[in-house]
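Worksheet for the structure shown next.
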Number of protein chains: 2
Amino acid sequence: MSVTVTRSAMSEYEKTCLIRGDGGRAIRGVLDRNGDKRTLLVVATLHGERMRFTELLHRIPGISQRMLTLTLRHLERDGLVGRTAYAEVPPRVEYELTPVGRTLIEPAVTLAEWAIEHNPDIERSHQAYDTRGG
Amino acid sequence: MSVTVTRSAMSEYEKTCLIRGDGGRAIRGVLDRNGDKRTLLVVATLHGERMRFTELLHRIPGISQRMLTLTLRHLERDGLVGRTAYAEVPPRVEYELTPVGRTLIEPAVTLAEWAIEHNPDIERSHQAYDTRGG
DNA sequence: CCGGATCCCCGTTGATACTG
DNA sequence: CAGTATCAACGGGGATCCGG
């Protein structure tokens with residue numbers, strides 16, 4: 001594709017245009033489809049390693065069994081996650097990132113880095129906001 | 001902060017650990033607070049430039065006035081967006097990215113690039129999924 | 001008139017129970 | 001174990017109302 005973007009060469013303006021243009025549509029599409037944050041969390045949790053349904057459930061705190069199922073279905077439909085069911089008793093189903101799915105790790109990391117780095121700022125801002133604002 | 005990560009030096013495993021560890025909590029916190037995709041979209045749309053409420057509303061297709069208001073409130077509380085109300089008739093309210101808010105553009109761009117680059121893959125995957133799967 | 005608060009309706013989510 | 005079914009609760013969208 002023609003989006004071989006040399007990030008460091010982009011101006012801030014070009015970046016934001018990218019997001020507001022096709023990137024915006026694409027982002028919206030992807031996030032709309034996937035259910036936003038769960039996608040990133042599932043993809044990150046799954047990383048290169050095959051994992052069973054229950055293990056995913058345990059490793060992603062706060063996700064409900066229902067939503068994990070739905071998210072995994074979406075990701076499967078998106079071609080980001082592969083699903084393998086074994087005809088055993090008790091049943092065993094394993095999920096794994098596809099090659100395309102693995103490429104999502106990079107953006108997820110970037111977001112994670114940002115979140116870690118700026119979390120203190122944000123919490124401080126909350127304190128200030130809640131104190132004065134009421 | 002100590003998270004000056006040289007991304008290229010991280011193994012895939014280290015990356016995913018980052019996400020699943022503090023990054024995961026931080027990401028979840030940030031996304032939970034902000035309302036996920038809208039945050040990225042608003043931040044990107046706002047970029048370095050002050051903008052009025054209505055203009056934001058027009059520039060972000062598909063967002064409701066209600067959700068834009070809420071998202072902006074969250075972003076303000078997070079300290080990512082500044083709000084200025086002018087005592088005029090008709091009223092005018094302008095929003096702008098704070099310095100911290102501006103740092104979110106980079107991760108947003110990374111996600112946008114990913115979305116643009118892999119959208120075709122995803123759409124193709126949908127076709128395949130929907131065709132065979134029913 | 002603009003920004004946004006409120007109200008109502010509906011889709012999505014979560015908790016729980018049940019099944020292959 | 002890995003889901004599906006069901007129902008209640010919550011959150012979002014849209015129309016409407018309102019303060020400045």
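In the text below, chain A, chain B and the rest are named by the order of the sequence lines, each starting its count at 1. Keep in mind that what you see is a predicted model, and the values were worked out from it rather than measured.
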Length of the CZ-P vector between B/Phe53 and C/dC1, whole Å: 19 Å

Starting from the C-alpha separation in whole Å, work towards a yes-or-no answer on salt bridge (Lys or Arg N to Asp or Glu O under 4.0 Å) for A/Arg50 and A/Glu94. CA-CA 6 Å; A/Arg50 299 169 67 92; A/Glu94 291 188 347; 2.7 Å; yes

Measure from the side-chain heavy atoms of B/Gln65 and tell me the nearest of D/dT16, D/dG3, D/dG13. D/dT16

note: A/Leu72, atom CG; D/dT4, atom P; distance rounded to Å ~ 11 Å

Can you tell if the side chain of B/Glu49 reaches within under 4.5 Å of the side chain of B/Glu96, non-hydrogen atoms only? no

Ignoring the backbone of A/Arg73, work out which of D/dT4, D/dT6, C/dC1 is nearest its side chain. D/dT4

Decide yes or no for B/Thr110 and A/Leu111: does some side-chain heavy atom of the first lie under 4.5 Å from some side-chain heavy atom of the second? no

Provide, to the nearest angstrom, the distance between the CG atom belonging to A/Leu57 and the P atom belonging to D/dC1. 11 Å

Provide, to the nearest angstrom, the distance between the CD atom belonging to B/Glu88 and the C1' atom belonging to D/dG19. 16 Å

Could you tell me whether the phosphate oxygens of D/dG3, OP1 or OP2, come under 4.0 Å of any side-chain nitrogen or oxygen in A/Arg52? no

Going by heavy atoms in the side chains, are B/Thr84 and B/Val93 under 4.5 Å from each other? no

Proximal nucleotide (of D/dT4, C/dC7, C/dA5) relative to the A/Thr69 side chain: D/dT4

Do B/His118 and A/Thr103 have side-chain N/O donor and acceptor atoms under 3.5 Å apart? yes

Of D/dG19, C/dG14, D/dG3, the nucleotide closest to the side chain of A/Arg38 is C/dG14

Spacing of B/Leu70 atom CG relative to D/dG14 atom P, expressed in whole Å: 14 Å

Starting at atom CG of B/Leu68, determine the distance to atom P of D/dG12, rounded to an integer number of angstrom. 13 Å

Looking only at C/dA5, C/dT13, D/dG3, the nucleotide nearest the A/Met67 side chain is C/dT13

Between P on D/dG3 and CD on A/Glu76, what's the gap in Å once rounded to a whole number? 9 Å

May I ask you to say what A/Val93 touches in the nucleic acid, namely base, sugar-phosphate or nothing, with a heavy-atom cut-off under 4.0 Å? sugar-phosphate

Within the structure, does a side-chain N or O atom of A/Tyr95 lie under 4.0 Å from either OP1 or OP2 of D/dG3? yes

Rounded to the nearest angstrom, tell me the gap between atom CZ in A/Arg66 and atom C1' in C/dG14. 8 Å

